Amino acid sequence: MLNRLLITGAAGQLGSMLREKLQGRAAILRLSDVADLGEAHEGEELVPCDLSDGDAVMRLVEGCDGIVHLGGISVEKSFDLIEAANLRGVHNLYEAARAHGRPRIVFASSNHTIGYHPQTARLDHSAPYRPDGYYGVSKIFGEAVASLYHDKFGQESALVRIGSCTPKPENWRMLATWFSHDDFVALIEAVFRAPVLGCTMIWGASNNDHGWWDNSHAAFLGWQPKDNAADWAEEIARTVPRPDPDEAVARYQGGVFTDEPIHRS
Ligand code: NAI
Ligand code: 15L
């Protein structure tokens, strides 16, 4: 069992979910964010921190033997905002990890690293990047920093290209991209259990009948997602209008993000 597991972005959607579901999986959960984290419960410590502040991140990581890095901008925004939280943030995190004994890192990357691949494509780990905005570019930067720190310093990371992590699939695209909360938790557990991790990209998706992504390169982790968005296919067909096949949301894997303009401010 881990002694102290750090979760950055712990006040966000996935951070709040993992705060609850990872209770007891480490002796202490160290929870961090720039947003309000509420009160500390038993087994938790709250450490507010702006990821763009290198000295603060250095203190944040000290004493942790595992990290789930969720903090940062999670949608398309201006380059300036993304630069501070996602580019400097991920650099600061890896520098701090290097200085403090290289705790294993689960990095929340995104399907928007490959968003311009068409929905007709089936991708494995060797698929080229096709980011659909600066948000996707920032996740590619994070994956590249992880790779650099692995080759130079032996830092281990799981680069989880999350599809759509929600309580249940909400639209037609999510029949392919959905990643259930339970499957994400099981993946984090497998990552911290694995004798060797290296620097491994994993598609963060459930066992969806209509999925686009092949995780066979990561079979050594022993992680097998159990949920399937197809269980909601009927409900979605009944309640959500099917998009026109020419719309971005139905053409590209990144969905509506491919339709976003470049944000200037
Ligand atoms: P979220 O936006 O709800 O949470 C992100 C958290 O990061 C927020 O609480 C925010 O206050 C914090 N944050 C932002 N800038 C910060 C900074 N400079 N310093 C410290 N904290 C900062 O996002 P969500 O949905 O919980 O996603 C978590 C992570 O997973 C994000 O990195 C996101 O890019 C990634 N992801 C999520 C997906 C999903 O389906 N929810 C899909 C793909 C990737
Ligand atoms: C992401 O990367 C976002 O953080 C999340 O809010 C969703 O939009 C998700 O991708 C998605 O593509 O569904």
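Counting starts at 1 for both ligands and their atoms, in listed order. Along the sequence shown, the residues carry numbers beginning at 1. The shown structure was predicted, so the numbers you read here are calculated from the model rather than taken from an experiment.
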Quiz item: Below 3.5 angstrom, do we get any N/O pair linking G71 and ligand 1?
Solution: no

Practice problem: Identify which of E170, H112, K139, M174 has a heavy atom lying nearest to atom 12 (O) of ligand 2. | Solution: H112

Self-check item: Test applied, side-chain contact (heavy atoms from CB on, under 4.5 Å); reference residue, Y135; option that passes from N86, L81, V75
Solution: N86

Exercise. Compute whether any side-chain donor of one residue and acceptor of the other, for S180 and D182, lie under 3.5 angstrom apart.
Key: no

Practice problem: Taking only heavy atoms of F257 into account, list the atoms of ligand 2 that are under 4.0 Å away from them. | Solution: 8 (O)

Quiz prompt | Minimum non-hydrogen distance to atom 20 (C) of ligand 1, winning option of S164, G12, A35, C49 | solution = C49

Quiz item: Any chain of hydrophobic side-chain contacts (each under 4.5 Å) joining L93 to F153?
Solution: yes

Quiz item: With the threshold set at 4.0 Å, does a side-chain nitrogen-carboxylate oxygen contact exist between R59 and E62?
Solution: no

Quiz item: When you look for heavy atoms under 4.0 Å from ligand 2, do you find them on the side chain of N111, its backbone, both, or neither?
Solution: side chain

Quiz item: Polar-atom distance check: S110 versus ligand 2, any N or O pair below 3.5 Å?
Solution: yes

Self-check item: ligand 1 versus F179: contacting region, heavy-atom distance under 4.0 Å
Solution: neither

Quiz prompt | Ligand-side contact atoms (ligand 2) for residue partner R173, heavy atom cut-off under 4.0 Å | solution = 11 (C), 12 (O), 13 (O)

Practice problem: Just let me know how A84 lines up against ligand 1, side chain, backbone, both or neither, with a heavy-atom cut-off below 4.0 Å. | Solution: neither

Quiz item: At the 4.0 Å heavy-atom cut-off, does G72 count as touching ligand 1?
Solution: yes

Practice problem: Could you say whether the N/O atoms of L51 and ligand 1 ever approach to under 3.5 Å? | Solution: yes

Quiz item: Are a donor atom and an acceptor atom from the side chains of E42 and Q23 found within less than 3.5 Å of each other?
Solution: no

Self-check item: Shortest protein heavy-atom distance from atom 34 (O) of ligand 1, along with the residue and atom involved
Solution: Y135 OH, 2.5 Å

Quiz item: How far is atom 4 (O) of ligand 2 from its nearest protein heavy atom, and which residue and atom name does that atom have?
Solution: S74 O, 2.6 Å

Quiz item: Quick one: does C165 get an N or O within less than 3.5 Å of an N or O on ligand 1?
Solution: yes

Practice problem: Note the single closest protein heavy atom to atom 22 (C) of ligand 1, along with its residue, its atom name and the distance in Å. | Solution: V34 CG2, 3.5 Å

Self-check item: S164: numbered ligand 2 atoms lying under 4.0 Å from its heavy atoms
Solution: 11 (C), 13 (O)

Quiz item: Below 3.5 angstrom, do we get any N/O pair linking D33 and ligand 1?
Solution: yes

Quiz item: In ligand 2, which numbered atoms sit nearer than 4.0 Å to a non-hydrogen atom of G163?
Solution: 9 (C), 10 (O), 11 (C), 12 (O), 13 (O)

Self-check item: Hydrophobic cluster identity match, W212 and V160, side-chain contacts under 4.5 Å
Solution: no

Exercise. Give a yes or no on whether atom 1 (C) of ligand 2 lies under 4.0 Å from any heavy atom of the protein.
Key: yes

Exercise. Using a 4.0 Å heavy-atom cut-off, say whether K139 meets ligand 1 through its side chain, its backbone, both or neither.
Key: side chain

